[in-house]
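Data first, discussion second: the structure below is written as structure tokens.
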Amino acid sequence: MSQVKKVEGITRESTQSMIDRALEAYPEKGKKKRAPHLAPNDQALGKACVKSNRKTVPGVMSARGCAYAGAKGVVWGPIRDMVHVSHGPVGCGWYSWGTRRNLVSGRNGVSNFSMQFTSDFQEKDIVYGGDKKLAQLLTEAKELFPLAKGISVLSECPVGLIGDDINAVAKKMSKELDLPVVPCNCEGFRGVSQSLGHHISNDTIRDYIIETREFAEPAGPYDIALIGDYNIGGDVWSVKSLLESCGLNVKATWTGDGEMERIAATHQVKLNVIHCYRSMNYMCKVMEEKHGIPWIELNFFGPTKIKQSLRALAERFDDEIKERVEAVIAEWEPKMKAIVDEYRPRLEGKKVMLYVGGLRPRHTVGAYEDLGMTVVGSGYEFAHSDDYDRTSPEMPDATVIYDDASEYELEQFVHELKPDLVASGIKEKYVFQKMGLPFRQMHSWDYSGPYHGYEGFSVFARDIDLAVNSPTWKLVKSPF
Ligand code: SF4
């Protein structure tokens, strides 16, 4: 066990009494339900200290999304050469159109399809069912976009309630159109958050996609796949080029800038490198059980974690890769040192609070620490126990951990802990900026990025400095 990290002024008692004060606002039932989701971290124990993956308490303003968001927005949507149909009324597809920054190559509408494709349900589709409309839509999609390599059908809430059979329609139309059509029953009422949407989507990749293609190029000993990187602001591109400079051959990316046929052939790689454990562990486990492909969980945020990750990766290969990895680390280290030398003095000792989805609340901690910052609170919208097990050793002892935090709880913790930076989502951003607090969006990278890989760290360090040391924060209070 590595040395226990502590933060001056934060003890288990101080954190617990801060939690108790926040819980005072709730009625008895709400208090009882929320209490197990908030706790001080026990770093030495290295285990989850909070309950997770439970239904949200009604009316508390959770930051969570739904299974459709986990399926269409996260897993399926980034596959660039498929048409992704938001099947149901117009809202869900509209709000999720272009808002997640999973960048893609190619030409929109020709070779990639980052568009809002919807069946736009009307009342008559609810009353009479939408299966016929879906069949017609699939035919039209193939006519309009002949270069699409497949179509996914992502169900919104009503589809599962009115008894439509999208699976039968997909099967029939897939034959008729000679095109993969993947039905994904990811209605938003399923599960408790985005998380079940990930699982359902992984299962549809297992049932409809994997093993249906083979790589055109010959197999080699260094063939790997990058799993669970969604290319936010170009993250995949930064990691892919880094892995390739280490001599590895990244044959498929799941699913950021992903290609359907490469994803379908991933059962032929030698190793799966997984970044987002939460959203893609299911398929890594399937490929391990079914195809004997081992997987390794890595972290590409900040030079310390990148170095550890590259070395752990090299251990899975021969001396040639080990040497190349060391050469890559040696090449980047002076550049990383220059960045740390520039930004660390400006950020040393600053406190951060994080609240993100299912990976970054633990994965980015090391990158802040590389800049001399301390994370004093962290939490997830939709993580499970195995994520919190992995979080405990990363977070300093006794700091607050919050699961499915309500906006009220977050505000209370921020008021009490007075961090120098809050790093969370768009729904939180303007609340905290109005409190006069520096804020960075940790989902969209605030329209910046990439943050992954060595290239990403230079962008990350610059962005954090820009936020924390902006002169704006000195002008929040009127001089009168
Ligand atoms: S909960 Fe239902 S209606 Fe709301 S976004 Fe998700 S699928 Fe759409």
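The analysis underlying the following values was restricted to heavy atoms, covering all of them including side chains, and did not include hydrogens, waters or symmetry mates. Counting starts at 1 for both ligands and their atoms, in listed order.
- Short contacts between ligand 1 and C157, defined as distances under 4.0 Å to a heavy atom of the residue, involve ligand atoms 1 (S), 2 (Fe), 3 (S), 7 (S).
- By the definition of a contact as any protein heavy atom under 4.0 Å away, atom 3 (S) of ligand 1 is in contact.
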_If you apply the rule side chain to side chain contact (heavy atoms under 4.5 Å, CB included), what do you find for R34 with D404, and how did you get there?_
CA-CA 9 Å; R34 284 300 303 149; D404 185 24; 4.2 Å; yes
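- Coordination check, C66 versus atom 6 (Fe) of ligand 1: passed, since an N/O/S atom of the residue sits under 2.8 Å.
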*Take W295 and N281, measure what side chain to side chain donor-acceptor pair (under 3.5 Å) needs, and give me the verdict at the end.*
CA-CA 9 Å; W295 51 281; N281 75 84; over 6 Å; no
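- None of R278, K47, R362 except one satisfies the salt bridge (Lys or Arg N to Asp or Glu O under 4.0 Å) rule with D386; the exception is R278.
- Salt bridge annotation for R64-E381: absent, with no cationic side-chain nitrogen under 4.0 angstrom from a carboxylate oxygen.
- Under 2.8 Å from atom 8 (Fe) of ligand 1 lies an N/O/S atom of C92, whether from backbone or side chain.
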